[in-house]
Amino acid sequence: MRKKILNKLQTHLKFIRKADQGVYVLVPFYIPLFSATGDKINDMLIRLQIAVITFFLGIRIRETILWISGSFTLSPVLHKPFYRKIYQAADLISDFRTSNQALLKELRRKEHYLGTHVDLLFASSPNIRTKLEQLTGRQVSLLTHGVNFTHFNTAVEVNPFMLKVKASGLPVAGYFGTLSDANDKEVFRILAERGFSVVIIGKVLGDYSSLENLDNIYFTGPVDFKELPSYARAFDVCLLNWIMADWIYNSYPVKTLEYLAMGKPIVSCPIPVVKELFGSLVYFADTPEEYLEKALLALKENSRELSEARVSAAAEHTWESKFKTIESAIQ
């Protein structure tokens with residue numbers, strides 16, 4: 001929990017950055033208090049931040065698109081006359097993992113307000129779209145994630161660290177991304193014990209102490225995005241191993257497309273949108289034993305034709321294609 005809090009704090013301290021010409025990414029600072037007093041304080045903080053940003057950056061509200069993703073913190077400025085106000089639900093705020101029913105009710109109320117006070121609604125998966133339409137009573141457009149196709153599809157030299165791992169002669173099962181307690185750690189363990197080298201790339205936010213001293217498991221820590229393909233190119237099987245819960249039913253992991261862009265076999269938990277879009281190209285498993293079974297099957301069945309089919313599927317989901325979807329909806 002301490003790691004998660006520190007990670008979130010570091011994110012919010014970045015506040016605002018210029019992503020491109022005329023494009024700014026704001027991570028608003030707010031106090032996580034769900035009460036009438038907390039709402040008043042946060043409303044003031046958000047209004048102040050927007051006022052300061054628009055003044056010093058010379059932003060004209062009427063010529064600006066406000067794009068909100070995964071947060072209701074900007075609700076206090078929805079009354080302002082932005083050119084367009086858009087909410088993109090990459091996950092449902094009101095599906096927050098908690099047993100506190102009063103908090104869930106409040107989150108639902110806030111997400112309803114947000115969803116009914118913007119011009120356009122997007123959802124990153126069919127499941128989220130259905131739930132958001134039920135919540136708001138409005139039409140929601142599907143906007144699935146895109147992939148930096150060229151970055152992951154271009155052939156690169158395998159990182160020296162991965163060459164050492166491959167030297168063992170074992171096939172490599174790999175995962176990259178944030179490592180939390182939502183990952184099914186038993187999958188990593190059983191693969192390592194049954195004939196695979198397991199390479200785990202990313203920041204560790206959960207408790208992985210039970211895996212740290214096991215043979216054939218390698219933790220690299222975080223790897224820079226630009227270097228990631230040089231590691232993942234050495235994967236023989238790629239993993240999407242989470243414990244199934246509401247949030248994963250709703251999700252659409254972008255690493256699905258990144259794995260596919262490299263032509264790699266994937267063994268995944270049964271995520272609905274992944275099944276819907278790539279059911280014939282991805283292996284699905286419910287238990288650690290099934291992950292092992294499907295990983296072995298993926299090795300056996302892999303072929304140039306399957307690899308090319310995976311790459312072709314990813315090529316249809318570039319960020320450029322997603323921009324065209326957004327552009328047509330806004331105009």
Side-chain angles (χ1 to χ4, degrees), residues 3 7 152 156-225 227-245 248 251 253-271 274 278 281-302 306-307 310:
K3 287 183 180 179
N7 191 55
F152 284 92
V156 295
E157 290 186 10
V158 175
N159 185 276
F161 171 81
M162 295 301 299
L163 291 176
K164 292 179 182 178
V165 174
K166 297 285 283 185
S168 70
L170 299 177
V172 175
Y175 172 93
F176 58 71
T178 301
L179 294 154
S180 70
D181 290 323
N183 290 92
D184 192 338
K185 303 165 199 172
E186 189 67 9
V187 172
F188 295 134
R189 185 192 65 77
I190 196 169
L191 288 171
E193 291 180 350
R194 302 284 292 277
F196 284 84
S197 291
V198 177
V199 176
I200 305 172
I201 300 171
K203 181 180 287 189
V204 178
L205 298 179
D207 181 5
Y208 281 72
S209 57
S210 63
L211 302 179
E212 287 175 354
N213 296 316
L214 295 184
D215 291 339
N216 302 327
I217 291 185
Y218 305 86
F219 288 90
T220 69
V223 169
D224 191 274
F225 181 74
E227 299 295 331
L228 202 50
S230 71
Y231 282 77
R233 278 284 165 187
F235 293 176
D236 295 297
V237 177
C238 299
L239 301 173
L240 296 172
N241 55 310
W242 290 285
I243 299 167
M244 292 304 294
I248 196 65
S251 73
V254 70
K255 64 174 63 66
T256 309
L257 292 168
E258 293 166 347
Y259 291 157
L260 289 172
M262 294 185 291
K264 299 293 183 179
I266 301 170
V267 184
S268 173
C269 54
I271 303 170
V274 176
F278 311 111
L281 299 173
V282 174
Y283 298 85
F284 297 95
D286 291 304
T287 66
E289 290 75 17
E290 283 189 14
Y291 273 90
L292 173 62
E293 177 186 331
K294 295 298 177 66
L296 292 170
L297 181 61
L299 291 177
K300 180 180 178 181
E301 293 185 343
N302 198 27
L306 275 175
S307 181
R310 297 178 193 119

Regarding Tyr283 and Glu301, do their side chains bring together a donor and an acceptor under 3.5 Å, going by distance alone? yes
Heavy-atom nearest pair, Ser197 first then Ser168, reads OG-OG, 3.4 Å
Which pair of heavy atoms, one from Ala192 and one from Asn216, lies closest together, and at what distance? O-ND2, 3.2 Å
So, Asp236 side chain and Val172 main chain: donor-acceptor pair closer than 3.5 Å or not? yes
Please report the closest heavy-atom contact between Lys185 and Asp207, naming both atoms and the distance. NZ-O, 2.7 Å
Verdict with supporting geometry, Phe152 and Phe225, ring-ring contact (aromatic ring centres under 6.0 Å, His included): CA-CA 10 Å; Phe152 284 92; Phe225 181 74; 5.6 Å; yes
Take Phe176 and Tyr259 through the ring-ring contact (aromatic ring centres under 6.0 Å, His included) test and state the conclusion after the steps. CA-CA 10 Å; Phe176 58 71; Tyr259 291 157; 5.0 Å; yes
Taking Tyr218 for its side chain and Met162 for its backbone only, find out whether a donor-acceptor pair lies under 3.5 Å. no
Could you pull out the closest heavy-atom pair between Ile271 and Ser251, with the gap in Å? CG2-O, 3.3 Å
Over all atoms of both residues, closest heavy-atom pair of Ser268 and Val282: CB-CG1, 3.9 Å
Ignoring hydrogens, what is the shortest heavy-atom contact between Leu228 and Ile201? Give both atom names and the distance. CD1-CG2, 4.0 Å
Ionic contact status for Lys294 with Asp286, cut-off 4.0 Å: no
